[in-house]
Amino acid sequence: MERLKIKSLLENSAGIQLGSEITVKGWVRAFRSNRFVQINDGSCLASLQAVVDFEKFDDALLKRITTAACVSLSGTLIASHGAGQAVELQVTSIELIGDAHPDDIQKTVMQPKRHSLEFLREQAHLRFRTNTFGAVFRIRHAVSFAIHKFFNDRGFFNLHTPIITGSDAEGAGEMFHVSTLDPKNPPLNEDGTINYKEDFFGKQVNLTVSGQLEAELAALALGQVYTFGPTFRAENSNTSRHLAEFWMIEPEVAFNDLQDNMDLTEAFLKYLCSYVMENCKEDLTFLSERDAQDQQQKPQQERAEMSLIERMKFVIENPFKRLTYTEAIEVLLNSNHYKKKKFNYPVEWGIDLQSEHERYLVEKEFKCPVILTDYPAKIKAFYMRMNDDGKTVAAMDVLFPGIGEIVGGSQREERYEMLHQKCVEFGIDPEELSWYMETRKFGTAPHAGFGLGFERMIMFVTGMTNIRDVIPFPRTPQNAAF
RNA sequence: UCCUCAGUAGCUCAGUUGGUUAGAGCAUCUGACUGUUAAUCAGAGGGUCACUGGUUCGAGUCCAGUCUGAGGAGCCA
C-alpha cells in the first residue's frame, strides 16, 4: 500500500476517498485508551488519529506502541466517530518500525507533557519531535523558500560568496581563524610569530563575517544579486539575539540609492510576513496561541499589546516609519522619558544609539517598525557612502519591536578617492582591499544593499524570544553540542 | 565580558525564624476501565537538595568559592 502523508489526508489534498485503503508512517504522540494512536509524520502540525481494535491485535505488539515509537499503520480511511477530527484511520495492520522504551523516554523531552524551552534546548537533537519546534522549523523552511522566491521573481541572482575568506578588513566583528597548522607546534617566523605562509592557503584566513564586499563586485556586473549563507562571529555575546553561527541574506543592487534600498527592504520584509501568513496558517495559529499563553504569564506591563498574528498583520499593512538619525536624536531629547531622566545612557548627536533608545523609538514613540538613516560617519562602517554634509553616511537600520535591529544596510561609497580616504581614516590598508577598491576604477556605479539576519526574522514570524530556539543546532559561546 | 536572578524526583515547582522520615502536579510502572482528544480512576517506585569548602549540637535553608542556566547590558544581524 502506498504511504500517504498525514498532511495530504487531513487537508484532503490527495483526493483520497473515504473507504480507501491507506498506509501512514510516523511517530506516536499518544496512545489513549489502548485504542487511539495519535500519529504524526512531521508533514504538518496535526496528528492523525488511528483507531486500533485491541481485541484483534497481540497484547505484546500493542505494548510496544509507546510515545515516540515509530510505526507504520495500514487500514481504512473513515469519517471519525469522535468530535476532535474529521477523518480517522481504522487500523487493520500494524508494523512496529522503531521501538521507544519508556525508561529511555523518561529522560528526554519526548515524554508526553509540557517542557520549558531551556530543557528542550538541552536536547536540541530531539526537540524536532515537539509541536513547537515542528512548527518553527516548518516556518523556517517556508521563509527560506520565500526569500529565494522574492528575489528570483524580481530578477536577482543568488550568489554563493566564500565561507573561508582572506580579508580581515571588514570590521564586522571578531573572526574564527581557519588553519591546518598543528596548534601545538606551528611553524614560526624569526620573530616568533606564526608563519602562515606554510598554512594551507599560504596566508591567514578566517570564516566569513559577511559576504557583502564580494556581493558588491557581482552587483557591479550582474546588476542585482543576493547572498544567503552562513556567517560566523567569534564575539563573546551571551544574549537571546546572538549566535556564533547564523544565516544572513545580503542583497546588493547596482544603481540603487538609499531610498531604493529602503523601499526594497520594506517590500521584502512585508513579503516574507505575507508569505508565512498565507502558507503556514496552521503552524502560525499554533505559535500565536502559544505566544498568547506566554504573554498571560507575564506581568501586565510587559505583555505585548498584539498577538503574533496581529503583529505580523501590522507589519504588512502599515508603512515603516522613516527618519534620520538626527531627527531620532531630537525625538529622544524632546521625549518625556528623557526629561524624566529615565534613560541610563546619555543622548546627544554623535553617540551610537543604545538598545534602550532604539526600544523607546520602536515600542513607545512610533509603535511600528522604524528605519533610521543617515548616521554619523564615525559610528558606521568605512564602505558607507558619505553624504554631502560631510558628517553623515547613507546608512540605514531597520528596527523591529521586540527584536531590535533586524536589518542593517547602506548605499555604498562608489567614489574611489572618497573610499580610499575612508579606508585610511578607519586604519584599513587599501592594499589589502585592492580587489574591492578596483571596482571603483572600472566603471563605478552607485549601488546599495543590506543584510537581514535570517534567525531574527524567524524570531519575528514565530514569536520565539530566544534566537537559539529558531535554529536547529545553535552555536553560542561554550556551546557546540550536537 | 559585566550586572541581576536561579539551580530540590525524568520535567515544572513548593519547602516557614536553621530542627524528626524533603512534598505536589505531570511523566513512568502495575491494575481497572474502554470512542478517547494533555483520556479517566486506584496504587507503586523514583532524591548525593548543582559542586567544593565553611559556620553550627544540627544546613535544602546561613556564608564563601566554582560550575551551569535564564534575563538585562555591551558588540551586532
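So you know, we letter chains A, B, ... as the sequences are listed, proteins then strands, and number each from 1. Note that these values count all heavy atoms, side chains included, but never hydrogens, waters or copies made by symmetry.
When side chains are defined from C-beta on, A:Ile249 counts as touching A:Pro251, because their heavy atoms get closer than 4.5 Å. Looking at heavy atoms from C-beta onward, A:Arg233 lies out of side-chain contact with A:Glu245 at the 4.5 angstrom threshold.
In this structure, A:Arg241 reaches the bases: a heavy-atom distance under 4.0 Å links it to at least one base atom across the strands shown. In this structure, A:Tyr345 reaches the sugar-phosphate backbone alone: every heavy-atom distance under 4.0 Å involves primed, P, OP1 or OP2 atoms, never a base. Base engagement by A:Gln49 is indicated by at least one non-hydrogen atom pair under 4.0 Å involving a base atom. Across all strands shown, A:Gly82 has heavy atoms under 4.0 Å from base atoms, whether or not it also approaches the sugar-phosphate. If you check every strand for non-hydrogen atoms under 4.0 Å, A:His81 touches a base. When heavy atoms are screened at a 4.0 angstrom cut-off, A:Val407 is found touching the sugar-phosphate backbone but no base atom. Base engagement by A:Thr239 is indicated by at least one non-hydrogen atom pair under 4.0 Å involving a base atom.
A distance of about 16 Å separates the C1' atoms of B:U17 and B:G60, rounded to the whole Å. Comparing B:G19 with B:A59, their C1' atoms are spaced 10 Å from each other, to the whole Å. A distance of about 44 Å separates the C1' atoms of B:C67 and B:G31, rounded to the whole Å. Only the P atoms considered, B:U16 is 14 Å distant from B:A6, to the nearest whole Å.
A donor and an acceptor atom never sit less than 3.5 Å apart when one is taken from the side chain of A:Glu405 and the other from the base of B:A77. Below the 3.5 angstrom threshold, one finds no donor paired with an acceptor across the side chain of A:Arg35 and the base of B:C33. For a distance-only test at 3.5 Å, the side chain of A:Glu88 qualifies as a donor-acceptor partner of the base of B:G35. Evaluation of atom-type donor-acceptor distances gives no pair under 3.5 Å for the side chain of A:Glu118 against the base of B:G69. Below the 3.5 angstrom threshold, one finds a donor paired with an acceptor across the side chain of A:Asn238 and the base of B:U1. Between the base of B:U68 and the side chain of A:Gln478 there is no donor-acceptor pair shorter than 3.5 Å. Side-chain atoms of A:Ser237 and base atoms of B:C76 include no donor and acceptor less than 3.5 Å apart. With hydrogens and angles left out, the side chain of A:Gln85 and the base of B:U36 share a donor-acceptor pair within 3.5 Å. Residue side chain A:His242 reaches the base of B:C76 through a donor-acceptor N/O pair under 3.5 Å, judged by distance alone.
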Taking Watson-Crick (N1-N3 plus N6-O4 or O6-N4) and G-U wobble (N1-O2, O6-N3), each under 3.5 Å, can you produce the dot-bracket string of RNA chain B? Use [ ] for crossing pairs and | for inter-strand ones. (((((((..((((.....[...)))).(((((.......))))).....(((((..]....))))))))))))....
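Within 6.0 Å of CZ on A:Phe145 lie no more than 12 heavy atoms contributed by other residues, nucleotides or ligands.
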Take A:Tyr338 and A:Tyr360, measure what ring pair (Phe, Tyr, Trp, His ring centres under 6.0 Å) needs, and give me the verdict at the end. CA-CA 10 Å; A:Tyr338 178 77; A:Tyr360 176 84; over 10 Å; no
A:Tyr383/A:Gln212 under side-chain contact (heavy atoms from CB on, under 4.5 Å): CA gap, chis, key distance, verdict: CA-CA 10 Å; A:Tyr383 51 73; A:Gln212 179 202 316; 3.1 Å; yes
Let me see the working for A:Phe128 and A:Phe133 under ring pair (Phe, Tyr, Trp, His ring centres under 6.0 Å), right down to the final yes or no. CA-CA 5 Å; A:Phe128 296 105; A:Phe133 284 91; 8.0 Å; no
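The pair A:Arg127-A:Asp469 counts as a salt bridge, with a side-chain nitrogen and a carboxylate oxygen less than 4.0 angstrom apart. Using a 4.0 Å cut-off between a side-chain N of Lys or Arg and a carboxylate O of Asp or Glu, A:Glu252 and A:Arg412 qualify as a salt bridge.
Between A:Ser240 and B:G72 there is a side-chain polar atom (N or O) within less than 4.0 angstrom of OP1 or OP2. The phosphate of B:G72 (OP1 or OP2) has no side-chain N or O of A:Ser355 nearer than 4.0 angstrom. Between B:A27 and A:Arg114, no contact under 4.0 Å exists linking OP1 or OP2 to a side-chain N or O. Taking side-chain N and O atoms only, A:Arg32 has a distance below 4.0 Å to OP1 or OP2 of B:A39. At the phosphate of B:U1, OP1 or OP2 sits under 4.0 Å from a side-chain N or O atom of A:Asn236. One finds no side-chain N or O of A:Arg29 lying less than 4.0 angstrom from the OP1 or OP2 phosphate oxygen of B:U37.
Rounded to an integer number of Å, the gap from CD of A:Glu245 to C1' of B:C76 is 17 Å. Between A:Ile249 atom CD1 and B:A77 atom P the separation is 13 Å, expressed in whole Å. Atom P of nucleotide B:C29 and atom CD1 of A:Ile105 are separated by 10 Å, given to the nearest angstrom.
Heavy atoms only, all atoms of each residue included: A:Val225 and A:Leu159 are closest at CB-CB, 4.4 Å.
Nearest nucleotide to the side chain of A:His115, out of B:C11, B:U36, B:C76: B:C11. Here the side chain of A:Lys113 is nearest to one of B:U28, B:G10, B:U36, namely B:G10. Of the candidate nucleotides B:U12, B:A39, B:G71, B:A39 has the atom lying nearest to any side-chain atom of A:Ala30.
Under the 3.5 Å distance criterion, the side-chain polar atoms of A:Arg241 are left unmatched by any main-chain donor or acceptor of A:Arg456.
Take the nearest nucleotide of RNA chain B for A:Glu455 and for A:Phe36: the residue whose nucleotide is more 5' is A:Phe36. Residue-to-nucleotide proximity on RNA chain B shows that, of A:Lys107 and A:Asn466, the 5′-proximal contact is made by A:Lys107.
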